[in-house]
Peer 1: 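Okay, here's the structure, questions in a sec.
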Amino acid sequence: MAKIEFKNVGHCYDVSAENKVYALNPFSLTWEDGGRYALLGPSGCGKTTMLNIMSGLITPSDGNVYFDENDITNVITEERNIAQVFQFPVIYNTMTVFDNLAFPLRCRKFDEDKIKTKVHEVAELLNLTEFLNKLTKKLTADQKQLISLGRGLVREDVAAVLMDEPLTVIDPDLKFKLRRKLKEINAKYKTTLIYVTHDQNEAMTFADNIIVMNEGNVVQIGTPKELFEKPKTTFVGYFIGSPAMNIYPCDAVSDDEVSIGGLKLKVNTKLPDSQKSNLKLGIRSEYINVVNKKSENTVEANINLVEDFGNYKLISATNDNIQIKVKVKRESVIPEDKILLEIPPEHCCIYNNEELVE
Ligand code: ADP
Ligand code: MG
């Protein structure tokens, strides 16, 4: 197990091009030993590139990579002691499930008794025990991916386990169980786990720390709570949470008041003069309250739609041209057409040029 460190690491696939385009813009970051991380962002933002730089499949065009303070930038994959699980199964179809799982251990000359113990332990974890003697080619696509996953987990001595959208081909119910198992494995063996996904739910339920990426940049690193409560950019506000954060262009009225069209709202942010233009206000639908009495930060709105999601209801309402989404408890009584909403100042996030004003 190891601490992984990027120092000014970036990557451009075609360094000879006249206009160099970076798939990953240079950045520095440390992944702590034993941490459980998710790498989250839309397709094409550079997740796989980042993971392949860690495993050594790609040598970065810029910067250096360290495992426990050792510069391994030019060390080949085989010598990095990394287990990598890809989006689609990488297994030997002509071997049995047992032999597939044993393969990474046999390559490293573990003794057969130890191999047997470890293969059975991993097979048990992934519900593969009854298939151990079967040929892999006879199994279904998701069983094959479980074997791939198993091959990534049989070795306890790896620096890190890197997983690139490993559960894509697995059905949702099993996905949920597997994520829980991966968490158990991380707790038991203290393996550094890095899990790539474009699915925020997967990231939020799996990781202690989430690295959010967009267009080749790391935009925020934080716990699920931090990403939810204080998105550092409007992109994170849109990308994390369901529904996306309510975000409105606004103007500064004073140091702690903004207007959205004709609507004036107090906020808890002290706006410096240098950051009073190009503003947006963000508020999570979870933090808006349905109230009976008008007060400073209340808004009258017309209800357009109420959707019942079982564990909560989602109200879509409008005030003039402003669309507001509000999440309420399922048992809440919702008025017929007009509603009074309170926007708590302490939950308003103010963005200047799409970046959070702190
Ligand atoms: P993600 O895994 O987040 O979907 P990738 O790391 O695969 O993103 O890709 C990041 C960017 O780099 C994309 O614009 C993609 O088209 C580009 N890219 C990926 N692989 C290559 C390659 N082998 N050659 C050139 N461009 C690539
Ligand atoms: Mg990818």
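Both counts, for ligands and for their atoms, begin at 1 and track the order of listing. Only heavy atoms go into these numbers, but all of them, side chains included; no hydrogens, no water, no symmetry mates.
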Peer 1: Say whether Tyr195 and Glu202, considering side chains only, have a donor N or O and an acceptor N or O under 3.5 Å apart.
Peer 2: yes

Peer 1: Evaluate the side-chain proximity of Asp62 to Tyr22: yes if any heavy-atom separation is below 4.5 Å, no if none is.
Peer 2: yes

Peer 1: Mind listing the protein N/O/S atoms less than 2.8 Å away from the Mg ion (ligand 2)? Waters don't count.
Peer 2: Thr48 OG1

Peer 1: What protein heavy atom lies closest to atom 10 (C) of ligand 1? Include the residue and the distance to one decimal.
Peer 2: Gly44 O, 3.4 Å

Peer 1: Less than 4.0 Å from atom 26 (N) of ligand 1, is there any heavy atom belonging to the protein?
Peer 2: yes

Peer 1: Among all protein heavy atoms, pick out the one at the shortest distance from atom 17 (C) of ligand 1; state its residue, atom name and that distance to 0.1 Å.
Peer 2: Tyr13 CE1, 4.1 Å

Peer 1: Tell me which protein heavy atom sits closest to atom 8 (O) of ligand 1, plus the residue, atom name and distance to 0.1 Å.
Peer 2: Gly46 N, 3.2 Å

Peer 1: Answer yes or no: does an N/O atom from Ala23 fall short of 3.5 Å to an N/O atom of ligand 1?
Peer 2: no

Peer 1: Examine the side chains of Thr49 and Tyr13 and answer whether a donor and an acceptor come within less than 3.5 Å of each other.
Peer 2: yes

Peer 1: Nearest 0.5 Å please: distance from the CD1 atom of Ile350 over to the CD atom of Gln275.
Peer 2: 11.0 Å

Peer 1: Which distance, rounded to the nearest 0.5 Å, do you find between the NE2 of His11 and the CD1 of Ile53?
Peer 2: 6.0 Å

Peer 1: Can Asp273 and Lys276 be said to form a salt bridge (Lys or Arg N to Asp or Glu O under 4.0 Å), step by step?
Peer 2: CA-CA 5 Å; Asp273 281 339; Lys276 275 190 177 146; 2.8 Å; yes

Peer 1: For the CZ atom of Phe86 and the CD atom of Glu165, what is their distance to the nearest 0.5 Å?
Peer 2: 13.0 Å

Peer 1: Would a 4.5 Å heavy-atom cut-off, applied to side chains only, mark Asp256 and Lys266 as touching?
Peer 2: yes

Peer 1: To which protein heavy atom is atom 7 (O) of ligand 1 closest, and what is the distance rounded to 0.1 Å?
Peer 2: Thr48 CB, 3.7 Å

Peer 1: Assess, by modelled atom type and distance only, whether the side chains of Glu5 and Asn64 contain a donor and an acceptor separated by less than 3.5 Å.
Peer 2: no

Peer 1: For ligand 1, which atoms, with element, lie under 4.0 Å from some heavy atom of Thr49?
Peer 2: 5 (P), 6 (O), 9 (O), 10 (C)

Peer 1: Looking at atom 19 (C) of ligand 1, would you say a protein heavy atom lies below 4.0 Å from it?
Peer 2: yes

Peer 1: Give, for atom OG1 of Thr96 and atom CG of Asn133, the distance between the pair rounded to the nearest 0.5 Å.
Peer 2: 6.5 Å

